[in-house]
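What follows is a single structure, written as structure tokens, with notes after it.
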Amino acid sequence: MKTEHMTEDEKVLHGMGYAQELHRRMGAFQNFAISFSIICILSGGFGSFPIALSSGGGFSLTIGWLVGGAFALIVAASLGQIASSYPTAGGLYHWSSILGGRFWGWATAYVNLLGLLFVVPAVNVFLYLISKDLFFGAVLGWDVSTWSQTTQIVSVAAITAVQALLNHFGIKITTMLTDFSGYMIFVVTVLLIGMFVMAAPSLDVGRAFAFVNNTGAAGGGVAPESSPLMAFVIGLLYPLFTITGFDASAHTSEETKDARNTVPRGMLHAVLWSILFGFALIISMILAIPDLKAAAATGWNSFNELFIAAILSSFLGKILLLAVILSNFICALAAVTSTSRMIYAFARDDGLPFSGLLKSVSPKHRTPVAAIWATAILTSLLTAITTPLGAFAALSTGSAMYLYISYGMPIMAGFFAEGKTWTTYGPFRLGGLSKPFAIIVAIGTVVTIIAGHVFVPSIEADAVAKTGFVPGLGYYTIGFLIFLGVLWFGLENKRFKGPPVGDEIAKRQALIAAQEKALEAG
């Protein structure tokens, strides 16, 4: 290979045993924007608003947001340190494999993949619901009461197909849209804050920090009746569901310029700005609610009723609703990007069924086309399976829980490997904060698991009557653990080799040159 013509990014990637197959088109803002678009405070910040209001009231919305946000920032900093050392599309999976061993990396990949596969349908279902209830119902005045579960399944599948098509035709289109979304989220958030404040009956900010245990019937049955402490813990699902998916910056490392510096900054800035703008938005929303306790009693309808009363009465409000709908579409678009890159990277090391197909890259578009469409198909199937069970809340909670578990896995591997087997670092370092941060991540991950399994999603009475099944998150977790155990001990323990290390990296250099030459030939 002609190393004199290689960029530093390509040299780093070759040094980890991988070819530069994807286009490096993304700069610092693009890398930030893809994570900021997935976090999207106009998506999770609205969709999971009732969880916090119906658990600890204003206190869970504000203090809970700051506590969860601070935790997310620590997680992002800890992941950023590892990403600076190993900037690959495999991200979490690759890091866990290098720092914690073959099984730890394999398990991380499946946990992360499950969390990512939950994100896309969770966002797209919320996109469908606000389009149905707020745009078609409240704005256009259509009778949406007759829209069926089949309508939801087909609509979400169509939305996902469009997102897959945009990903199919190249990272340039996706980055243009996520760049636009990054600016749009800032502007729309500021305008919504102004409108919520103008709609406020009073400016009594003290209500925003008052704790009220709204679990059980007081909160419309959103959360199970719990102690004050558990009410606060359940409320933490609000920021943790919203401020997640920022590992997208890492999953697009191989499409980012100066990845060792850019990726850590992209994750940190995406989380930090989401915390700050999200907090201001939350305060304004609380101010716009005349009676917090009465709003909590409406359960899952609390956000819709607030938005209709405070925003949709004006022409500007209707325009902002369209912007919120578009931001949710781009949020899921970016999630498809992130998920497909994770599938591609894991398949590149033969970690998935049909890896030969899933690791293929289109010479024309330089995108992992098979991984993109696998993402679309699997997430659409998840929607079809969970919709009849009324399990949207389980999807949302599961995405947060499994993603944060997958974030914690390489961080804990790094905790034990740092200074021992992990001695090569990137330019972004935490120094003396590294190990304390890892301990905080471990504790926070346990709290997230507890919150996820205590929280019982609200479900339609007719769904229970038809299925006799309450779609609690524990069912997914138990089934997933059984699946992993059977798969690893039955097959993967003997077959799966993991990412290249040691002498295997040197052996791959000729293959890397051939792969890159073939792609350049188109």
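The analysis underlying the following values was restricted to heavy atoms, covering all of them including side chains, and did not include hydrogens, waters or symmetry mates. Residue indices begin at 1 and follow the sequence shown.
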With no hydrogens and no angle check, is any side-chain donor or acceptor of [X] less than 3.5 Å from a backbone partner on [Y]?
X	Y	result
W65	I275	yes
S55	A52	yes
S85	G426	yes
S340	V336	yes
S96	Y93	no
T383	T379	yes
E254	Q20	no
T367	H168	yes
R207	I286	yes
D247	A250	no

Evaluate the side-chain proximity of [Y] to [X]: yes if any heavy-atom separation is below 4.5 Å, no if none is.
X	Y	result
I130	N328	yes
F169	L165	yes
I34	M26	yes
F232	S60	yes
L358	Y344	no
L268	F428	yes
I411	W95	no
V156	S380	no

Looking only at the side chains, is there a donor atom on one of [X] and [Y] sitting less than 3.5 Å from an acceptor on the other?
X	Y	value
D9	T7	no
N214	S54	no
T256	S253	no
N261	D258	yes
N112	Y402	no

Of the non-hydrogen atoms in [X] and [Y], which two are nearest, and what is the gap between them?
X	Y	value
A371	I343	CB-CG2, 3.8 Å
A376	T160	CA-CG2, 3.7 Å
V119	A335	CG1-CB, 3.8 Å
L42	V324	O-CG1, 3.7 Å
S302	F49	OG-CD2, 4.1 Å
S249	V263	O-CG2, 3.5 Å

Show the numbers, then the answer: is there a side-chain contact (heavy atoms from CB on, under 4.5 Å) between S48 and T242? CA-CA 8 Å; S48 53; T242 306; 3.6 Å; yes
Could you label the plane-to-plane angle of the [X] and [Y] rings as parallel, tilted or perpendicular, counting under 30° as parallel and over 60° as perpendicular?
X	Y	result
F346	Y110	perpendicular
Y404	F246	perpendicular
Y183	F29	parallel
F186	W273	perpendicular

Apply the test ring-ring contact (aromatic ring centres under 6.0 Å, His included) to residues F136 and W142: give CA-CA distance (whole Å), side-chain angles for both, the deciding distance (0.1 Å), then the verdict. CA-CA 6 Å; F136 292 108; W142 291 13; 4.8 Å; yes
Among residues at least two apart in sequence or on other chains, which ones pass side-chain contact (heavy atoms from CB on, under 4.5 Å) with S284?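 With neighbours one apart ignored, the set is I193, F196, V197, L281.
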Distance check, rounded to the nearest 0.5 Å: [X] atom [atom1] versus [Y] atom [atom2]?
X	Y	atom1	atom2	answer
L236	I51	CG	CD1	11.0 Å
L403	L92	CG	CG	8.5 Å
L53	I289	CG	CD1	5.5 Å
I330	M176	CD1	CE	11.0 Å
F118	T339	CZ	OG1	12.0 Å
L134	L322	CG	CG	11.0 Å

With a 6.0 Å cut-off on the ring centroids, do F46 and F303 count as close?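 Between F46 and F303, the centre distance is under 6.0 Å.
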Please determine whether side-chain contact (heavy atoms from CB on, under 4.5 Å) holds for the pair K293 and V212, giving the CA-CA distance in whole Å, both sets of side-chain angles, and the decisive distance to 0.1 Å. CA-CA 8 Å; K293 196 161 185 65; V212 179; 3.7 Å; yes
So, E255 and R341, do they make that salt bridge, N to O below 4.0 Å?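 R341 and E255: salt-bridged.
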So among V123, L177, L333, which one has a side chain to side chain contact (heavy atoms under 4.5 Å, CB included) with Q163?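 Of the listed options, the one satisfying the test is L333.
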Looking at S181, S327, C331, which hits side chain to side chain contact (heavy atoms under 4.5 Å, CB included) with S37?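 Looking at S181, S327, C331, the match for S37 under the side chain to side chain contact (heavy atoms under 4.5 Å, CB included) is S181.
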Starting from the C-alpha separation in whole Å, work towards a yes-or-no answer on side chain to side chain donor-acceptor pair (under 3.5 Å) for T337 and N167. CA-CA 6 Å; T337 306; N167 269 280; 2.5 Å; yes
side-chain contact (heavy atoms from CB on, under 4.5 Å) for Y407 and T244? Distances and angles first, verdict last. CA-CA 10 Å; Y407 297 161; T244 193; 3.5 Å; yes
Test the R348-Y18 pair against the cation-pi criterion, namely NZ or CZ under 6.0 angstrom from the six-membered ring centroid and within 45° of the ring axis.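 Yes, R348 sits over the ring of Y18.
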Show, in sequence, the C-alpha distance, side-chain angles and deciding distance for V271 and M267, and conclude whether the side-chain contact (heavy atoms from CB on, under 4.5 Å) test is met. CA-CA 6 Å; V271 172; M267 287 193 287; 5.6 Å; no
